[in-house]
Amino acid sequence: MDNTRFFDQLQQGCQTLGVSVGEDVPAKLLRLMSELIKWNAKVNLTAITEPEEVLEKHFLDSLAVLPEVEGASSLLDLGAGAGFPGLPLKLARPAMAVTLVDAVGKKVGFLKAAIAVLGMKEARGLHARAEGQPESEGIPRAELLIARAFMDLPDWLNLAPAYVQPGGRVVAMLGKAQPDTELHARAGERGLRLVSARQYRLPFSRAERQVAVFSKV
Ligand SMILES: C[S@@+](CC[C@H](N)C(=O)[O-])C[C@H]1O[C@@H](n2cnc3c(N)ncnc32)[C@H](O)[C@@H]1O
């Protein structure tokens, strides 16, 4: 994929998703992709390595949840892996402080290198295992907590509230859409409230996704 095609596809994908990013963001995402592919040759960060797939399944899927993230001053991405969704969200909304946590040291090594290469301010890669005790784990609470492909929804909703500041929200990125009744029930069982649930499709493969937002009651 040449650079022009990358920029065209990114612009088209953002348009289809109804999200917008700053003028400097496409070049930064291109740089992130080249770091990711370089590191992935040495360290197993992600199974998604083809540029077209990185663009759609990692970058555009991360940017797709910008409407749910808008306005947050701090974001915590648990089980961030190679940095998704946290790194593209931080590039798109640089004023938001972002902490990316993963239990695997080599992945956190990549996160720290990517943050440095891209010159991100108020972004941090943190090597820690999230098990529901943020203080002892050294994981800061955030206004907005997010994860993708980290845990199934019931386990995520059990773990998540401990990492959210008072008045904050929990965002769940779901591969498989769940009916609103199910989301309401799962939230209610844990003292959470379903704020919104939205289905979307990735722009090129048309794969279905869902994003749900919960608040502490
Ligand atoms: C399937 S990957 C998803 C990575 C990324 N969120 C994405 O969507 O591409 C799950 C990640 O969670 C990390 N992980 C699993 N359990 C964890 C825990 N208890 N605390 C922190 N990270 C964990 C793994 O090391 C892995 O990188």
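Read the numbers this way: they start at 1 and go in the same order the structure lists the ligands and their atoms.
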Exercise. Heavy-atom count around Lys42 NZ within 6.0 Å, excluding the residue itself: above 12?
Worked result: yes

Exercise. Does a side-chain N-to-carboxylate-O contact under 4.0 Å join Arg206 and Glu56?
Worked result: no

Problem set entry | Cationic N near anionic O, under 4.0 Å, Lys90 to Glu122 | no

Exercise. Where is the tightest heavy-atom contact between Leu159 and Glu131, given as atom of each residue plus distance?
Worked result: CD1-C, 3.5 Å

Seminar exercise, completed: The side chain to side chain contact (heavy atoms under 4.5 Å, CB included) partner of Leu76 among Ile146, Thr99, Val164 is Thr99

Please tabulate protein-ligand N/O pairs under 3.5 Å for ligand 1, atom names and distances to 0.1 Å.
unit_1: ligand 1; atom_1: 6 (N); unit_2: Gly79; atom_2: O; d: 2.8
unit_1: ligand 1; atom_1: 6 (N); unit_2: Phe84; atom_2: O; d: 2.8
unit_1: ligand 1; atom_1: 6 (N); unit_2: Arg148; atom_2: O; d: 2.8
unit_1: ligand 1; atom_1: 8 (O); unit_2: Arg148; atom_2: O; d: 3.2
unit_1: ligand 1; atom_1: 8 (O); unit_2: Arg148; atom_2: NE; d: 2.7
unit_1: ligand 1; atom_1: 8 (O); unit_2: Arg148; atom_2: NH2; d: 3.2
unit_1: ligand 1; atom_1: 9 (O); unit_2: Arg148; atom_2: NH2; d: 3.0
unit_1: ligand 1; atom_1: 19 (N); unit_2: Ala130; atom_2: O; d: 3.0
unit_1: ligand 1; atom_1: 20 (N); unit_2: Ala130; atom_2: N; d: 2.9
unit_1: ligand 1; atom_1: 22 (N); unit_2: Ala103; atom_2: N; d: 3.2
unit_1: ligand 1; atom_1: 25 (O); unit_2: Asp102; atom_2: OD1; d: 2.7
unit_1: ligand 1; atom_1: 27 (O); unit_2: Asp102; atom_2: OD1; d: 3.3
unit_1: ligand 1; atom_1: 27 (O); unit_2: Asp102; atom_2: OD2; d: 2.7
unit_1: ligand 1; atom_1: 27 (O); unit_2: Lys107; atom_2: NZ; d: 3.0

Seminar exercise, completed: Here the pair of heavy atoms bringing Ala72 nearest to Met96 is O-CG, 3.5 Å

